[in-house]
Amino acid sequence: MPFTYGFYELVLIFMFWGIIGWLIEVVDMRIEAGEFQNRGFLHMPFCPMYGAGMAVAAVGLSGVKNSYLILFAFGMIFCSLLEYIVGGIMERLFHSKWWDYSHMRFNIKGRVCLRNAILFGFACILVFRFVEPMVETVIVWIPVKVRMIITCIFGILFIIDLVISARRAWAYRKNNESDELQLIFKAHR
């Protein structure tokens, strides 16, 4: 029986990959910086960009998951584009960078870089050929009522965390703007 991408199934894919994305980011920073860093925007261990990207990709790639070339190209282009757009939105909204690849060769505004684009391509092959089919199998095993309950609980927690995190980021932005204005004021005395 083919997997059906209904609302609850997409939320579970979003949830699963958002958590996995957060774990990937934490491990990557542990290796790169040698310390634990919460790499997400939210307080909970969850990166919405990974979850949303995977939910969109799962539906968009449903008919072409057997083509390594299409998966690689999609991973490079879609993931880099998503990372670039989200990075730009976050910078504009909160006047802060959540990631910066300026130190990497072949980067665009520090939001994306060639190394990560290539890694995204290979990751897309790995995920959609091997991991996502297992995730979908597990989702099918979960009774529909349990999927609904998980979706409701996660949805409530996600919205609460999103509001709290956005307020924190706005406060951070205001503090930075206030500090910048004070520096400018002092410089013009």
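Throughout, numbering of the chain's residues begins at 1 and tracks the sequence.
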Kindly indicate, with the supporting measurements, whether the criterion side chain to side chain contact (heavy atoms under 4.5 Å, CB included) is fulfilled by W22 and M44.
CA-CA 9 Å; W22 182 85; M44 69 172 133; over 6 Å; no
Is there a side chain to side chain contact (heavy atoms under 4.5 Å, CB included) between E9 and T4? Walk through the geometry before answering.
CA-CA 8 Å; E9 293 74 22; T4 304; 5.7 Å; no
Could you give me the CA-CA distance, side-chain angles and deciding distance for W99 and E25, then say whether side chain to side chain contact (heavy atoms under 4.5 Å, CB included) is met?
CA-CA 10 Å; W99 59 88; E25 291 288 329; over 6 Å; no
Do R111 and W98 pass the side chain to side chain contact (heavy atoms under 4.5 Å, CB included) test, and can you show the C-alpha distance, the side-chain angles, and the key distance before you say yes or no?
CA-CA 9 Å; R111 294 183 198 148; W98 264 256; over 6 Å; no
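In the displayed structure, F122 atom CZ is contacted under 6.0 Å by at most 12 heavy atoms of other residues, nucleotides or ligands. Taking a 6.0 Å sphere around CG of L81, one finds it holds more than 12 heavy atoms contributed by other residues, nucleotides or ligands.
At a threshold of 4.5 Å between side-chain heavy atoms, the hydrophobic network of Ile, Leu, Val, Met, Phe, Trp and Tyr places L119 and Y101 in two separate groups. M134 and V127 fall into different hydrophobic clusters, where Ile, Leu, Val, Met, Phe, Trp and Tyr side chains are chained together by heavy-atom contacts under 4.5 Å. F120 and V59 end up in different hydrophobic clusters when Ile, Leu, Val, Met, Phe, Trp and Tyr side chains are linked at under 4.5 Å. In the hydrophobic clustering of ILVMFWY residues, with side-chain heavy atoms under 4.5 Å counting as a link, F106 and V112 come out apart. A continuous path of hydrophobic side-chain contacts links F7 to L10 [ILVMFWY only; heavy atoms under 4.5 Å].
Looking at every heavy atom in both residues, M104 comes nearest to N107 through O-ND2, 2.8 Å. Across all their heavy atoms, N38 and H43 have their closest contact at ND2-O, 4.0 Å. What you find for F74 and A57 is that their closest heavy atoms are CE2-CB, 3.5 Å. Residue R92 comes nearest to H95 through the heavy atom pair O-CD2, 3.3 Å, listed as atom of the first residue, atom of the second, then distance. The shortest non-hydrogen separation linking L42 to P48 is CD1-CG, 3.8 Å. Nearest heavy atoms, I118 versus F72: O-CE1, 3.7 Å.
Of the charged side-chain nitrogens involved, none lies within less than 4.0 Å of a carboxylate oxygen, so that E91 and K109 do not count as a salt-bridged pair.
How far CZ of R105 is from SG of C113: 12.0 Å, rounded to the nearest 0.5 Å. To the nearest 0.5 Å, atom CD1 of residue I13 and atom OH of residue Y8 are 15.0 Å apart. Atom CZ of F130 and atom CD1 of I125 lie 9.0 Å apart (nearest 0.5 Å). The OH atom of Y50 sits 7.0 Å away from the CD atom of E83 when rounded to the nearest 0.5 Å. Once rounded to the nearest 0.5 Å, the distance linking CD1 of I139 with CD1 of I150 reads 9.5 Å. Atoms CD1 and CE, from I85 and M49 in turn, are 11.0 Å apart once rounded to the nearest 0.5 Å.
Looking only at distances, a side-chain donor or acceptor of R147 sits under 3.5 Å from a matching main-chain atom of I142.
Residues I160, I164 make up the rest of the hydrophobic cluster containing I156, defined by ILVMFWY side-chain heavy atoms closer than 4.5 Å, directly or through other members.
Each of F41, F14, W17 was evaluated against F46; a single residue qualifies, F14, per the ring pair (Phe, Tyr, Trp, His ring centres under 6.0 Å) test.
L61 has its side chain within reach of C124: a pair of non-hydrogen atoms, C-beta onward, lies under 4.5 Å apart.
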